[in-house]
S.K.: 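There's a structure below that I have some questions on.
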Amino acid sequence: MLEIKNVSKTYKKSTVKAIDHIQITIEDGDIYGFAGPNGAGKSTTIKCVTGILDFEDGDILLDGVSIKKNALECKRNMAYVPDNPDIYENLSGIDYINFICDIYGVKEERKDLIHHYADLFGIKDRLADSIKNYSHGMKQKVVLIAAIVHKPKLLVLDEPFVGLDPKAAYDLKEIMKELCSQGTMIFFSSHVLEVVEKLCNKIAIIKEGKIISSGTIEEVKGDTSLEDVFLELFDE
């Protein structure tokens with residue numbers, strides 16, 4: 001379980017809270033969508049969850065372990081894929097994936113899992129190429145493979161479908177469903193509300209640093225569409 005408990009973050013030289021007493025609970029097997037306009041606080045929240053940013057109020061617990069008090073243990077059990085991967089471009093794709101596997105101590109099944117996901121994403125024949133020659137979409141696929149192979153308890157994705165072709169986006173959705181069926185928690189931000197509505201079982205909507213709606217997809221959207229709910233909330 002991931003518990004974001006009354007977390008607030010204010011950036012230096014700002015008097016406005018980027019996120020203001022955020023509360024979210026994600027349970028094992030949840031695909032939890034996180035929606036809101038640009039600048040609403042999505043990326044700040046994600047960076048607090050993954051230990052990239054510190055925060056002044058509240059706490060974040062992964063299976064009862066505080067990211068503030070034991071960041072290393074939390075990070076061992078999570079993976080983070082940003083919207084714009086910044087990876088070692090002088091490495092080959094396979095060298096980068098193996099480097100991440102070494103960090104997490106992945107030994108058994110490594111080769112089979114890498115080949116499985118690389119084949120699924122259609123980059124198996126390009127893994128030996130230098131990353132500097134990859135497109136944005138290919139970099140995204142390599143980072144996704146590296147994140148998935150070590151089987152994290154929590155997978156955090158920031159706009160994961162940006163730059164992916166339709167086939168890769170479909171494959172990623174299927175992989176996300178498979179991981180969650182095994183108990184993995186997935187927390188991801190997206191501007192594509194139709195994807196969130198179809199893929200997620202829960203969602204939180206953030207506006208100006210505050211959660212303005214959260215719950216199961218059915219609870220949040222009611223008898224209408226998630227897009228209609230979103231537009232109504234942001235027309236206020």
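Values below: every heavy atom of this structure, side chains too, minus hydrogens, waters and symmetry copies.
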S.K.: Leu53: which other cluster members, linking ILVMFWY side chains closer than 4.5 Å, directly or transitively?
M.R.: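 So far as hydrophobic clustering goes, Leu53 is joined with Tyr11.
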S.K.: Rounded to the nearest 0.5 Å, what separation is found between the OG atom of Ser214 and the CD1 atom of Ile203?
M.R.: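 It is 9.5 Å, given to the nearest 0.5 Å.
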S.K.: Under a 4.0 Å N-O cut-off, is there an ion pair linking Lys141 with Asp171?
M.R.: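 Salt bridge absent between Lys141 and Asp171.
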S.K.: Below 4.5 Å, heavy atoms only, C-beta onward: do Asn98 and Arg110 meet side chain to side chain?
M.R.: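 Yes - at least one pair of side-chain heavy atoms lies under 4.5 Å apart.
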S.K.: Got a sec, which pairs hit salt bridge (charged side-chain N to carboxylate O under 4.0 Å, His left out) with one end in residues 209-219, sequence neighbours left out?
M.R.: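 For residues 209-219: Asp20-Lys210.
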S.K.: Please identify each residue that fulfils side chain to side chain donor-acceptor pair (under 3.5 Å) with Lys47, with sequence neighbours left out.
M.R.: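 Listed in chain order: nothing, the list is empty.
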S.K.: Does atom CD (Gln23) have a neighbourhood of more than 12 heavy atoms from anything else shown, all under 6.0 Å?
M.R.: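 Count over threshold, so yes.
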S.K.: To the nearest 0.5 Å, tell me how far Lys153 NZ sits from Cys74 SG.
M.R.: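 Between atom NZ of Lys153 and atom SG of Cys74 there are 13.0 Å.
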S.K.: Between Ile212 and Lys207, which heavy-atom pair has the shortest distance, and what is it?
M.R.: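 Looking at all heavy atoms of both residues, the closest pair is CD1-CB, 3.7 Å.
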S.K.: Would Asn133 and Glu89 satisfy side chain to side chain contact (heavy atoms under 4.5 Å, CB included), going step by step from the backbone distance to the final call?
M.R.: CA-CA 8 Å; Asn133 296 321; Glu89 295 203 336; over 6 Å; no
S.K.: What residues, two or more places apart in sequence or in another chain, satisfy ring pair (Phe, Tyr, Trp, His ring centres under 6.0 Å) together with Tyr170?
M.R.: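 Checked Tyr170 against ring pair (Phe, Tyr, Trp, His ring centres under 6.0 Å); zero matches.
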S.K.: Test question: given the 4.5 Å side-chain rule for I, L, V, M, F, W and Y, name all other residues clustered with Met185, or answer none.
M.R.: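 Result for Met185 is Leu2, Ile4, Val7, Ile19, Ile22, Ile24, Ile26, Tyr32, Phe34, Ile46, Val49, Ile52, Phe55, Ile60, Leu62, Ile67, Met78, Tyr80, Leu154, Val156, Phe187, Ile206, Ile211.
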S.K.: Can you confirm whether Cys101 sits close enough to His150 that some side-chain heavy atom of one is under 4.5 Å from a side-chain heavy atom of the other?
M.R.: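 SC-SC contact between Cys101 and His150 ruled out.
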S.K.: More than 12 heavy atoms of other residues, nucleotides or ligands under 6.0 Å from CD of Glu3: yes or no?
M.R.: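 Enclosed: over 12 neighbouring heavy atoms sit under 6.0 Å from CD of Glu3.
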S.K.: Between the main-chain N or O of Gly41 and the side-chain N or O of Thr45, is there a donor-acceptor pair closer than 3.5 Å?
M.R.: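 Judged by distance alone, yes, a pair lies under 3.5 Å.
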S.K.: Does a side-chain N-to-carboxylate-O contact under 4.0 Å join Lys221 and Glu227?
M.R.: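 Salt bridge between Lys221 and Glu227, a charged N being under 4.0 Å from a carboxylate O: no.
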S.K.: Starting from the C-alpha separation in whole Å, work towards a yes-or-no answer on salt bridge (Lys or Arg N to Asp or Glu O under 4.0 Å) for Lys5 and Asp59.
M.R.: CA-CA 5 Å; Lys5 305 176 72 172; Asp59 205 353; over 6 Å; no
S.K.: Running the 4.5 Å side-chain criterion over Ile, Leu, Val, Met, Phe, Trp and Tyr, what cluster does Met1 land in, apart from itself?
M.R.: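 Reading the cluster by chain and number, Met1 sits alone, since nothing else belongs.
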S.K.: Taking only residues two or more places apart in sequence or in another chain, which ones pass salt bridge (charged side-chain N to carboxylate O under 4.0 Å, His left out) with Asp129?
M.R.: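 Only Arg126 meet the salt bridge (charged side-chain N to carboxylate O under 4.0 Å, His left out) criterion with Asp129.
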S.K.: Give a yes or no answer on whether the side chain of Ser92 reaches the backbone of Ser130 with a donor-acceptor pair at less than 3.5 Å.
M.R.: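 A pair under 3.5 Å: no.
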S.K.: With sequence neighbours excluded, tell me which residues meet salt bridge (charged side-chain N to carboxylate O under 4.0 Å, His left out) with Lys177.
M.R.: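 Partners of Lys177 under the salt bridge (charged side-chain N to carboxylate O under 4.0 Å, His left out) test: Glu174.
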S.K.: If you look at every heavy atom in Leu233 and Ser213, which pair is closest and at what distance?
M.R.: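 Scanning both residues completely, I find the closest heavy atoms to be CD1-CB, 4.2 Å.
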S.K.: Tell me, please, which residues at least two apart from Lys132 pass side chain to side chain donor-acceptor pair (under 3.5 Å).
M.R.: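 By the side chain to side chain donor-acceptor pair (under 3.5 Å) rule, Lys132 matches no residue at all.
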S.K.: The criterion is ring pair (Phe, Tyr, Trp, His ring centres under 6.0 Å); which residues satisfy it with Tyr96, sequence neighbours excluded?
M.R.: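 Checked Tyr96 against ring pair (Phe, Tyr, Trp, His ring centres under 6.0 Å); zero matches.
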S.K.: Once side chain to side chain donor-acceptor pair (under 3.5 Å) is applied, do any residues pair with Lys151, and if so which ones, sequence neighbours excluded?
M.R.: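 Counting only residues at least two positions away or on another chain, Lys151 forms a side chain to side chain donor-acceptor pair (under 3.5 Å) with Glu109.
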S.K.: Going by heavy atoms in the side chains, are Asp158 and Ser43 under 4.5 Å from each other?
M.R.: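 Heavy-atom side-chain distance check passes, below 4.5 Å.
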S.K.: Would you please name every residue forming a ring pair (Phe, Tyr, Trp, His ring centres under 6.0 Å) with Phe230, sequence neighbours left out?
M.R.: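 Partners of Phe230 under the ring pair (Phe, Tyr, Trp, His ring centres under 6.0 Å) test: Phe234.
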S.K.: Is Glu159 salt-bridged to Lys42, cutoff N-O under 4.0 Å?
M.R.: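 Salt bridge flag = no for Lys42 with Glu159.
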